[in-house]
**Q** 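Got a structure for you, written out below as C-alpha cells; questions coming shortly.
In this text the structure is predicted, and so the values were computed from the model without any measurement. First the proteins, then the strands, lettered A, B, ... as listed; each starts at 1.
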2 protein chains.
Amino acid sequence: MTERDGRPRYARVAQEIREEILAGGLRPGGLLPSEADLADRFGVSPTGVRNGIRRLRERGLVGAEQGRGFVRAPRQRLRRHHSERYQWEKDRARQTAEVRARTGATEFDTDLQSTDLKFHAEYSETAACSELAMRFDVPVGTRMLQRDYSTSCREDDAALSVVHSYLVYDVVATNPELLDVAREPYPGGTQSQLFTIGIEVDRIVDELSARPALPEEAGVLGIEVGASVLVLNKTSIDVTDRVVEYSEVILPGEWTEVVYTTELKRW
Amino acid sequence: MTERDGRPRYARVAQEIREEILAGGLRPGGLLPSEADLADRFGVSPTGVRNGIRRLRERGLVGAEQGRGFVRAPRQRLRRHHSERYQWEKDRARQTAEVRARTGATEFDTDLQSTDLKFHAEYSETAACSELAMRFDVPVGTRMLQRDYSTSCREDDAALSVVHSYLVYDVVATNPELLDVAREPYPGGTQSQLFTIGIEVDRIVDELSARPALPEEAGVLGIEVGASVLVLNKTSIDVTDRVVEYSEVILPGEWTEVVYTTELKRW
DNA sequence: GAGTGGTCTAGACCACTGT
DNA sequence: CAGTGGTCTAGACCACTCC
C-alpha cells in the first residue's frame with residue numbers, strides 16, 4: 001500500500017501531473033481529470049490529490065473552481081520598466097492631448113496595444129486612515145480621493161494589475177475634471193492629471209514586497225488563492241517635497257517582472 | 001452542528017486565532033494549542049483547523065514543525081534601498097581595504113551592525129546552463145564560478161536573504177584571490193572584487209518577481225512553505241556593455257521592502 | 001514517554017459546472 | 001441532470017519535539 005521513498009505521496013502526484021502538463025499530455029484550457037480519478041490512478045486518497053494539486057495551483061500551472069479543475073494556459077511574463085517609464089510619463093505630461101492619447105503607459109513597456117486592453121476605473125471618497133495620513137503628512141481623517149483601477153488583456157479577463165491610488169481631495173478638486181471618473185483613462189495618466197493643477201513630480205519612490213494573494217485579488221488577477229502577488233507601494237513627490245500621490249499596485253507575482261536600471265557614475 | 005454564515009468554518013478558526021495573537025493572548029515564541037484542542041474548541045474537524053492555520057502560516061503569523069506549532073515573533077521589515085546602495089558600493093570599490101572593511105552592504109540600509117550578522121558563503125564551479133549562457137552571452141557549458149551566500153541575524157537564525165551569484169570563471173580567475181571562499185566576506189563586496197581585475201560596473205539591472213517559497217528556501221529564510229518570496233534577478237553590466245555578474249536574490253516577501261527612487265528631470 | 005504535527009484513509013454533503 | 005471541486009467528518013500511523 002505504501003511505497004515510501006522518503007517523499008510524501010502527494011509530491012509524486014504533483015510532479016507527475018506537472019510533467020504531463022509540460023509534456024503536452026494535458027492541454028491548456030482543458031479539463032483536469034477529476035480528483036477522484038486521480039486518487040484512483042495514483043492510489044492515494046482524495047486528500048493526497050488535493051495536497052498535490054494545491055502546489056500546482058499556487059505556481060499557476062492549474063486552476064480550479066467548484067465544479068471543474070483545468071490546466072492554465074502558460075501566461076506571458078509582463079515586464080514593467082519603471083525607471084524609464086516614470087520619466088517617459090513625465091515627458092508626456094506637457095504634450096498635447098492628441099500626443100498623449102496615442103499610447104498609454106501599459107503599451108510603453110509591453111507589446112500590447114491599447115485595443116487589446118480592457119481598462120476599468122472607479123472613484124470614491126475616503127477619509128485618510130493613519131497610514132495614509134502619515135504618508136501624505138496630513139491629519140487622520142483628511143478627505144481623500146481614492147481611485148481604483150484594473151487593466152486586463154481583452155482576451156482572457158485576467159487583470160495585469162490592480163491599483164488603489166490616493167490623492168488629497170482638496171488638492172485635486174482645484175480641477176473638477178480630475179474628480180470625474182468618466183474622463184478615465186486620462187491621456188497621459190496621473191502625472192498629466194497633476195500637471196493640470198500645476199504639480200510637477202520630482203521623484204517617485206517604489207517600495208516592493210510580496211505576500212500570498214487574498215481571495216478577491218486572486219479572482220481579479222486570474223491566479224489562485226495562495227499564489228504570490230508583488231505589492232508595489234508607489235509614492236510621488238513633487239518639487240516642493242510634498243507627497244502628491246500614493247498608490248498600491250498589486251501584480252501577479254509569477255507573471256510580472258518589475259525592472260529597475262541603476263546607472264552608476266563613471267570613474 | 002453547522003452554524004453556516006456563508007463563510008467556511010476554517011475562516012473563523014483563522015480569524016479567531018489571528019485575533020488572539022494580535023490581542024496578545026497567544027505570545028510570540030509560545031506554543032499554539034494543539035490541533036486537536038483547537039478542533040474541540042471550535043467544534044470543527046482536524047482538517048478544518050489545518051485549513052485555517054495554513055493561511056496564518058502563509059502570512060507568517062504562526063509556524064509549525066512536526067511535534068509543535070508556535071506563534072511567530074513579529075519580524076521587522078527590512079528596507080533595502082537599491083538605487084542608493086549600488087552607487088555607494090561602487091564608490092567604495094576604490095577605497096582602501098580599511099575603509100571598506102568598516103561596514104558591509106547590509107549595514108548600509110539596515111540598522112543592523114555587522115556584529116549582529118551571521119554570514120555564510122560557499123563557492124563552487126558549474127557549467128553555464130542555457131539561461132546563464134544567454135544572460136552572459138557565452139556558450140552553453142562555459143565554466144562559471146557560482147557563489148552562494150546567506151546572511152542572517154545572529155539572534156534568530158532566519159536568513160535575511162539567500163543569494164546565488166554567478167561569474168565567468170576565466171574572467172575572475174585573473175585574480176586567484178577571488179576564487180578563495182576563505183576571503184569572504186570580501187570587504188566592499190562584488191564591485192570591489194571586480195575592481196581588482198579592472199572591471200568597472202556601469203549599471204545594474206534589477207528584475208523583480210514573486211512566487212511561493214520552496215521547502216529549502218522556507219527553511220533557510222525562516223518562513224513557511226507556501227509563504228511568498230521576492231525574487232530579484234540582478235545583472236551587473238560593465239562599461240564595455242558586457243554582463244560581468246548575475247545573481248538571483250531570494251528575499252522573504254512579507255519581511256522585505258526593496259526600495260527604488262526614480263529621480264525625474266526638472267522642467 | 002507523552003504529545004504534537006505531517007501525512008494518509010474513507011467516507012459525506014452541497015454549490016457549482018457543463019450539458 | 002450528472003459530475004466536479006469546496007468543505008467537512010472521524011478516524012489512523014509515524015516522525016518528531018519536549019520533558
**Q** Which ones in residues 47-63 of chain B lie close to DNA chain C, meaning a heavy atom under 4.0 Å from one of its atoms?
**A** B:R50, B:R57

**Q** Taking only side-chain nitrogens and oxygens of A:R9, does any of them come within less than 4.0 Å of OP1 or OP2 of C:dT9?
**A** yes

**Q** Please identify each residue that fulfils salt bridge (charged side-chain N to carboxylate O under 4.0 Å, His left out) with A:E58, with sequence neighbours left out.
**A** none

**Q** Any side-chain hydrogen bond (donor to acceptor under 3.5 Å, both in side chains) involving residues 216-226 of chain B? Give me the pairs, sequence neighbours left out, ordered by first then second residue.
**A** B:R57-B:E224, B:R72-B:E224, B:R211-B:E217

**Q** B:H82: what forms a ring pair (Phe, Tyr, Trp, His ring centres under 6.0 Å) with it, not counting sequence neighbours?
**A** B:Y86, B:Y260

**Q** Do you see a donor-acceptor pair shorter than 3.5 Å between the side chains of A:S247 and A:S165?
**A** no

**Q** Listed by chain and number, what are the ring pair (Phe, Tyr, Trp, His ring centres under 6.0 Å) partners of B:Y149, not counting sequence neighbours?
**A** B:F119

**Q** Applying side-chain hydrogen bond (donor to acceptor under 3.5 Å, both in side chains) as the test, list every pair that has at least one member in residues 31-41 of chain B; sequence neighbours left out.
**A** B:E20-B:R41, B:E35-B:R50

**Q** Identify which nucleotide among D:dT7, D:dA10, C:dG5 has an atom closest to any side-chain atom of B:Y10, counting heavy atoms from C-beta outward.
**A** D:dT7

**Q** With sequence neighbours left out, what residues match A:E16 under salt bridge (charged side-chain N to carboxylate O under 4.0 Å, His left out)?
**A** A:R12

**Q** Base, backbone or nothing for each nucleotide of nucleotides 12-19 of chain D, written B, S, -, heavy atoms under 4.0 angstrom, 5' to 3'?
**A** ---SBSS-

**Q** Is the shortest side-chain N/O distance from B:S45 to OP1 or OP2 of D:dC8 below 4.0 Å?
**A** no

**Q** Donor-acceptor pairs under 3.5 Å, side chain of residues 123-134 of chain B to any protein atom, not counting sequence neighbours: which ones?
**A**
from	atom 1	to	atom 2	distance (Å)
B:Y123	OH	B:E184	OE2	2.4
B:E125	OE1	B:R143	NH1	3.3
B:E131	OE2	B:R135	NH1	2.7

**Q** With a 4.0 Å cutoff (strictly under), does any side-chain N or O of B:S34 reach OP1 or OP2 of C:dG3?
**A** no

